[in-house]
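The sequence lines fix the lettering, A, B, ..., with proteins before strands; numbering per chain opens at 1. Since the structure is predicted, the reported quantities are computational estimates derived from the model, not experimental observations.
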There are 2 protein chains.
Amino acid sequence: MAKSLAPQQMQTYFALTEAASLLQYAVRQQLQSEGELSYVQFEILAKLSAADGPLTMTELADGVVYSRSGLTHQAGLLETAGLIAREASPTDQRATLVGITDAGRARVAQVLPGHVAIVRGLLFDPLSKQDVAALGDIMGRVRDHMRALPPRSSRPRRR
Amino acid sequence: MAKSLAPQQMQTYFALTEAASLLQYAVRQQLQSEGELSYVQFEILAKLSAADGPLTMTELADGVVYSRSGLTHQAGLLETAGLIAREASPTDQRATLVGITDAGRARVAQVLPGHVAIVRGLLFDPLSKQDVAALGDIMGRVRDHMRALPPRSSRPRRR
DNA sequence: TATTGTTATACTCTATAACTATA
DNA sequence: TATAGTTATAGAGTATAACAATA
């Protein structure tokens, strides 16, 4: 096994990380200025918005890079802002169900056009249809490969 | 202009952001545990390591997502740790020259193998040579496109 | 006047550990 | 005993504004 990356790999790695970083920076700016939302808060709202009904905190944590306490903190902020609502689960008394409010949906609708405009302008503008398909195929495989490794939410808690 | 993204674009966007997020998370973990470095600190050291000689703070800020005060803060931490050294510029009295120390180079060498292992294992493992070339080509174009837009470091300061 | 960099300060994000309550 | 979630707390990252020194 080689100690360093091949030149083509280096080039690809740098292009990917720099582009992803620039894109994320732009998206963060947009979400903050047009909706006063951090990226994580937007992720939470988007996930609740796409879900059929309320989710538990644990379900919500899956796929979000977050500690449990961090999620509790953000949920507290979003609830104070009136964008989500928490209630006790009827089936499991330990669980908390989190649902998005009308105000939460409205906030998502408020920032989405700008979000889409950024993504289109920065990411998709210089790409052909074939490029988009190829990129989706490649990164889809990479994502699936990464997901197959032990996920964060399944890590055991410290004792 | 359509208000939302095409399904293929959505899929590609999500795959890209999730994969990039997972990769960055893993890299951060590795840098912290094996070298006690934040990602930004590693970026600074890597940039100084690759440079011919010392850089000014402004040159160092270019390409790093950072405010000037944030860079000053990180430079202070790295200098306290003995990984970089600052000295007054002989040509411009206002400027500060930042160079990497032997200890700094050693720290980079210490974390690099693990860094490479993560990138190879997570990103390149599931990809063919053709995939890597295609990904590099596509993201290279995206990066160049983004770079063409007004960069952060050129934004005028607030008055 | 504009630019380089630092300082003071404050706010947000994130994590660890301890805790309560329920399964 | 294990799990769901919260709380308390602390540390790190980032930004704004004011500042001093130099161009």
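Atom OH in Y39(A) sits about 21 Å away from atom P in dT12(C), given to the nearest Å. When the P atom of dT3(D) is taken as reference, atom CG of L71(A) falls 18 Å away, rounded to whole Å. Here dT16(C) presents its C1' atom at 14 Å from CD of Q29(B), a figure rounded to the nearest Å. What separates NE2 of H73(A) from P of dG5(D) is a distance of 18 Å, to the nearest Å. In this structure, CZ of R68(B) is placed 17 Å from P of dA18(D), rounded to the nearest angstrom. Following rounding to the nearest Å, E43(A) (CD) and dC13(C) (P) show an atom-to-atom distance of 13 Å. For Q41(A) and dT14(C), the CD to P distance is 9 Å, given to the nearest whole Å. In this structure, E59(A) atom CD and dG5(D) atom C1' are separated by 14 Å, rounded to whole Å.
Non-hydrogen atoms lying under 4.0 Å from DNA chain D are contributed by D92(B), Q93(B), R94(B), all within residues 83-101 of chain B.
Direction change of the helix axis from one end of the helix from dT1(C)-dA23(D) to dA23(C)-dT1(D) to the other is 0°, with five pairs defining each end axis (rounded to 10°).
Evaluation of the ring-ring contact (aromatic ring centres under 6.0 Å, His included) test over residues 95-117 of chain B, restricted to residues two or more places apart or in two chains, returns Y13(A)-H115(B), F42(B)-H115(B). Among pairs with a residue in residues 123-148 of chain A, none fulfils ring-ring contact (aromatic ring centres under 6.0 Å, His included), at least two apart in sequence or across chains. Applying the ring-ring contact (aromatic ring centres under 6.0 Å, His included) definition to pairs two or more places apart or across chains, none involves residues 82-105 of chain B.
For dT16(C), neither phosphate oxygen OP1 nor OP2 lies less than 4.0 angstrom from any side-chain nitrogen or oxygen of S67(A). Taking only side-chain nitrogens and oxygens, S38(A) comes nearer than 4.0 Å to OP1 or OP2 of dC13(C).
One donor-acceptor pair, N or O on each side, does fall under 3.5 Å between the base of dT16(C) and the side chain of S69(A).
Residues T91(A) and S89(A) have side chains that bring a donor and an acceptor to within less than 3.5 angstrom of each other. Using modelled atom types, one finds no donor on one side chain facing an acceptor on the other under 3.5 Å when comparing Q29(A) with S33(A).
Residue E36(A) places its CD atom among 12 or fewer non-hydrogen atoms of other residues, nucleotides or ligands, all under 6.0 Å distant.
By the side chain to side chain donor-acceptor pair (under 3.5 Å) test, Q74(B) is found to be paired with Q41(B), Y66(B), residues two or more places apart in sequence or in another chain being considered.
Among the candidates V98(B), L97(B), T96(B), the single residue satisfying the side-chain contact (heavy atoms from CB on, under 4.5 Å) test with E87(B) is L97(B).
Set against dG5(C), dT14(D), dA4(D), the side chain of V40(B) has dT14(D) as its closest nucleotide.
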Next on the checklist: If you apply the rule side-chain contact (heavy atoms from CB on, under 4.5 Å), what do you find for M139(B) with L16(B), and how did you get there?
Outcome noted: CA-CA 11 Å; M139(B) 294 312 289; L16(B) 178 66; 4.2 Å; yes
